[in-house]
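In what follows, every heavy atom counts, from backbone to side chain, and hydrogens, waters and symmetry copies are set aside.
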Amino acid sequence: MFARIKKIFLISFVIFALIISAYMIRIFFSLSESLEKITHYQPELATQIFDRKGRLIANVFDKELRFYAKFDEIPPRMIEALLAVEDTLFFEHSGINFDAISRAMIKNIIARKYLEGGSTLTQQLVKNIALTRDKTLDRKLKEAILSYQVEKSLTKEQILERYFNETFFGHGYYGIKAAAQGYFKKPLDALTLKEITMLVGLPRAPSFYDPTRNYEFSLSRANNILERMKVLGWISQEEYLASVAEVPDVYSQSLTQNKAPYVVDEVLRQLSYIPNLKSKGYRIYLNIDLDYQEIAQEAVIYGYERVLKRIQSRQKQTANHEQSQDETLNGAMIVTESKSGKILALVGGVDHAKSSFNRATQTKRQFGSSIKPFIYQIAFDNGYSPASQVPDVARSFSKTFDKQSTQLSEQQDVESMEEEEYWRPKNFSSSFNGVVTLKTALIKSLNLATINLVEMIGFEKIYSDFERFGFEDIPKDMSIVLGSLSLSPLNAAQEFSIFSNQGTLVRPYLVNQIIDTQGNITQFQTQEEPITSKDQAFLMTSVLQDAVNKGTGRQAKVKGITLAGKTGTSNDNVDAWFCGYSPSLQVIVWYGRDDNTSIGKYESGGVVAPASFAYFFRQILKIEPGLKRNFEIPSGVKKKSIRGESYYYTDISNPSNSNKLENIQQKPIF
């Protein structure tokens with residue numbers, strides 16, 4: 001009988017052992033993926049965006065704000081402090097400290113509740129990266145097996161490196177590097193011993209010991225760690241007393257530190273093709289200059305407040321209270337380096353906190369008279385000069401297209417037509433100037449002269465050259481002559497580079513280079529396309545200088561620097577533009593209402609936008625006194641005085657220019 005019982009017991013034991021072994025083997029192999037996750041550790045890392053001088057613009061991240069710290073970056077005192085409080089025998093065990101587990105079990109049994117765990121740092125790492133925090137036997141068994149495997153696969157230094165980078169330190173900070181910057185605004189090597197102990201005390205209860213919330217508890221926890229280090233003999237009595245007496249400054253901040261939100265939004269939009277852009281620790285260096293960006297933002301607000309002040313003043317005088325409209329008024333500005341197309345500043349609105357919609361890149365608005373320099377450049381490139389003459393007289397056009405010519409046909413007998421059957425454009429001033437030079441027509445932004453010039457050149461030529469310049473979605477009718485086509489300030493910055501960059505179109509670009517965590521660099525370069533010669537382009541610059549000095553852009557004038565530019569106003573003052581440049585910088589300014597209603601009865605482009613342009617250059621000259629002040633005149637350009645007015649023309653000896661000297665005294669064509 002006894003032998004039979006013994007046999008049954010033995011068989012049961014073997015079966016139980018086999019079941020346990022099978023279970024252990026199953027767990028062992030089921031943990032291969034978890035082990036891979038720990039050994040080939042790839043945490044989420046915040047991407048950092050810098051300006052052209054290496055200054056941090058923003059940290060962007062998906063779920064976890066973390067900066068990776070290699071083991072060599074971690075101060076030895078920090079490792080000692082962590083081991084003192086969490087795992088004193090870390091360098092002696094193989095992943096599990098059975099003595100610590102036994103002590104914890106006894107304390108928990110005596111207290112009849114869970115008070116203390118006996119987890120090693122390796123076990124904590126395993127739990128943080130690969131397992132849940134469930135307090136079940138199955139999870140604890142997996143944790144033990146996986147900890148043993150990790151100890152066999154990684155060095156102690158590698159385990160510590162992963163621990164310091166994976167651990168949550170409260171306040172949204174993952175990893176010791178983010179915590180040090182967040183709480184103390186310091187790199188790891190600048191931390192004091194007291195600050196170190198405050199940080200290593202956080203993982204046990206991040207919210208409770210968060211020094212921005214419970215400063216006294218955080219200090220007390222740090223002092224306990226210091227005492228433990230002293231007892232272990234890891235710090236001296238003098239170090240202990242000095243550190244206990246220290247009361248560090250703590251900061252409550254968001255490490256996103258977004259200093260240029262419209263810029264950051266645009267960067268993320270442009271680079272959205274990169275997988276995991278916000279979680280792979282890229283370093284993105286922009287062409288943005290934070291000094292320029294700050295001034296550009298100020299300039300947009302400056303112009304915005306001037307408009308509001310005028311509108312409110314008129315409302316008081318007329319007792320017309322339409323304050324609700326003011327909430328829709330907004331503006332945008334893009335500053336580029338003329339030669340390279342690098343975007344130095346980009347402002348998409350007055351206040352990103354109120355509206356994140358980027359009006360510099362995401363909206364298309366009618367260009368108004370800012371289109372006119374392109375028409376006149378086409379004229380210059382086809383044999384006309386600034387001194388050539390054009391009639392500034394009224395004409396009427398049928399609204400019916402001539403399908404062969406794609407032009408509006410002129411009506412000789414408008415008296416017999418109904419009002420709505422023909423288009424009769426007029427000048428802003430509603431007056432006629434007779435015969436004027438192209439220079440006068442442009443600096444005064446005369447609509448009728450411009451329309452007559454287009455008739456002289458031919459609408460098809462204008463249209464095809466607009467396409468060559470890169471304009472998109474161009475209406476195929478004469479309304480484009482007065483700026484009915486729509487484009488964003490970013491598009492405008494590209495198109496106007498034909499003038500600011502001496503005849504060569506450059507595509508504005510925001511990102512200079514991207515560096516991944518492996519050190520691989522993606523470099524962005526200037527993209528350009530020749531449109532006309534330097535000589536021909538300077539003819540336009542010379543006229544646009546006069547537009548600033550004595551034309552519609554007078555408010556853009558700044559003492560001490562030569563500027564060129566053109567105003568633009570769409571119908572009913574819905575859009576107000578100023579597109580201008582210095583010898584080295586180009587600035588595009590736009591104002592309008594988000595609901596596409598009129599800015600105000602008297603708020604034309606010449607009144608609204610140039611003031612912001614001028615503000616920008618006045619402030620830039622204060623920080624960049626060496627900024628180039630005067631335009632260089634190309635060697636192929638000459639000047640002649642006609643009836644007391646100076647005109648530039650291209651050198652007749654240069655066969656690449658179609659604008660010959662004899663065109664300066666060309667007779668007007670009607």
Side-chain angles (χ1 to χ4, degrees), residues 334 336 338-341 364-386 388 390 401 404-408 438 441-442 450-509 525-544 564-566 568 577 579 581 586 588 634 636 650 654-660 663:
I334 291 186
T336 55
S338 299
K339 188 168 182 60
S340 67
K364 289 189 175 184
R365 304 293 291 245
Q366 288 196 353
F367 207 27
S369 291
S370 295
I371 196 65
K372 290 175 181 173
F374 300 92
I375 297 170
Y376 285 74
Q377 186 66 56
I378 295 169
F380 294 161
D381 291 345
N382 282 273
Y384 295 87
S385 80
S388 298
V390 64
F401 276 105
Q404 299 300 317
S405 65
T406 67
Q407 287 183 236
L408 290 166
L438 268 58
L442 185 53
T450 303
I451 290 170
N452 288 326
L453 178 62
V454 170
E455 285 287 289
M456 291 156 56
I457 298 170
F459 180 83
E460 277 293 346
K461 177 61 177 173
I462 297 295
Y463 189 88
S464 64
D465 276 2
F466 273 14
E467 289 185 316
R468 182 170 63 88
F469 291 163
F471 287 107
E472 298 177 347
D473 302 321
I474 312 169
K476 205 157 191 179
D477 60 64
M478 284 286 280
S479 68
I480 64 173
V481 174
L482 303 183
S484 65
L485 63 80
S486 298
L487 67 167
S488 69
L490 181 63
N491 297 145
Q494 174 173 304
E495 298 303 333
F496 246 78
S497 68
I498 295 172
F499 312 126
S500 65
N501 190 37
Q502 301 176 303
T504 298
L505 181 146
V506 289
R507 289 169 175 78
Y509 68 110
Q525 304 289 344
T526 298
Q527 299 180 51
E528 56 185 24
E529 180 183 351
I531 299 296
T532 189
S533 69
K534 288 184 178 181
D535 295 357
Q536 294 295 98
F538 182 79
L539 295 183
M540 179 55 62
T541 294
S542 70
V543 176
L544 295 183
K566 181 70 183 74
W577 295 82
C579 304
Y581 52 97
Q586 177 182 272
I588 305 297
T650 52
N654 186 345
S656 67
N657 290 321
S658 61
N659 193 343
K660 308 303 182 187
N663 288 318

Any chance the side chains of Asp535 and Ser533 put a donor and an acceptor closer than 3.5 Å?
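Side-chain D/A pair, Asp535 to Ser533: absent.
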With rounding to the nearest 0.5 angstrom, report the [atom1] to [atom2] distance, [X] to [Y].
X: Phe538; Y: Leu544; atom1: CZ; atom2: CG; result: 11.0 Å
X: Phe469; Y: Ile462; atom1: CZ; atom2: CD1; result: 8.0 Å
X: Leu485; Y: Ile371; atom1: CG; atom2: CD1; result: 4.5 Å
X: Leu490; Y: Glu495; atom1: CG; atom2: CD; result: 10.5 Å
X: Glu528; Y: Asn501; atom1: CD; atom2: CG; result: 6.5 Å
X: Ile480; Y: Gln366; atom1: CD1; atom2: CD; result: 12.5 Å

One pair to check against side-chain contact (heavy atoms from CB on, under 4.5 Å): Leu487 and Asp473. What are the steps and the verdict?
CA-CA 9 Å; Leu487 67 167; Asp473 302 321; over 6 Å; no
To check you understand the geometry: which heavy-atom pair defines the closest contact between [X] and [Y], and what is its length?
X: Ala537; Y: Gly503; answer: CB-N, 3.3 Å
X: Ile375; Y: Val481; answer: CD1-O, 3.6 Å
X: Leu442; Y: Pro373; answer: CD1-N, 4.1 Å
X: Leu505; Y: Ser497; answer: CA-OG, 3.4 Å
X: Ala492; Y: Trp577; answer: CB-CZ3, 3.9 Å
X: Tyr509; Y: Thr526; answer: OH-OG1, 3.4 Å

Minimum side-chain heavy-atom gap Asp465-Phe374 below 4.5 Å:
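A side-chain contact under 4.5 Å is absent here.
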Are any of the side-chain heavy atoms of Ser388 and Phe380 separated by less than 4.5 Å?
no
Could you check whether the rings of Phe471 and Phe466 sit parallel, tilted or perpendicular, using 30° and 60° as the cut-offs?
tilted
Parallel, tilted or perpendicular: ring planes of Phe496 versus Phe367, cut at 30 and 60 degrees
perpendicular
Closer than 3.5 angstrom, by distance alone: can the side chain of Arg468 be matched with the main-chain N or O of Ile531 as a donor-acceptor pair?
yes
Testing Ile457, Thr532, Thr650 for side-chain contact (heavy atoms from CB on, under 4.5 Å) with Asp381, which one passes?
Thr532
Can Glu472 and Asn491 be said to form a side-chain contact (heavy atoms from CB on, under 4.5 Å), step by step?
CA-CA 9 Å; Glu472 298 177 347; Asn491 297 145; 5.9 Å; no
Suppose we screen for ring-ring contact (aromatic ring centres under 6.0 Å, His included). Which residues come up paired with Tyr581, at least two apart in sequence or across chains?
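Applying ring-ring contact (aromatic ring centres under 6.0 Å, His included) to Tyr581 gives Phe631.
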Show your reasoning for whether side-chain contact (heavy atoms from CB on, under 4.5 Å) applies to Glu460 and Lys476.
CA-CA 9 Å; Glu460 277 293 346; Lys476 205 157 191 179; 4.2 Å; yes
Less than 6.0 angstrom separating the ring centers of Tyr384 and Tyr376, yes or no?
no
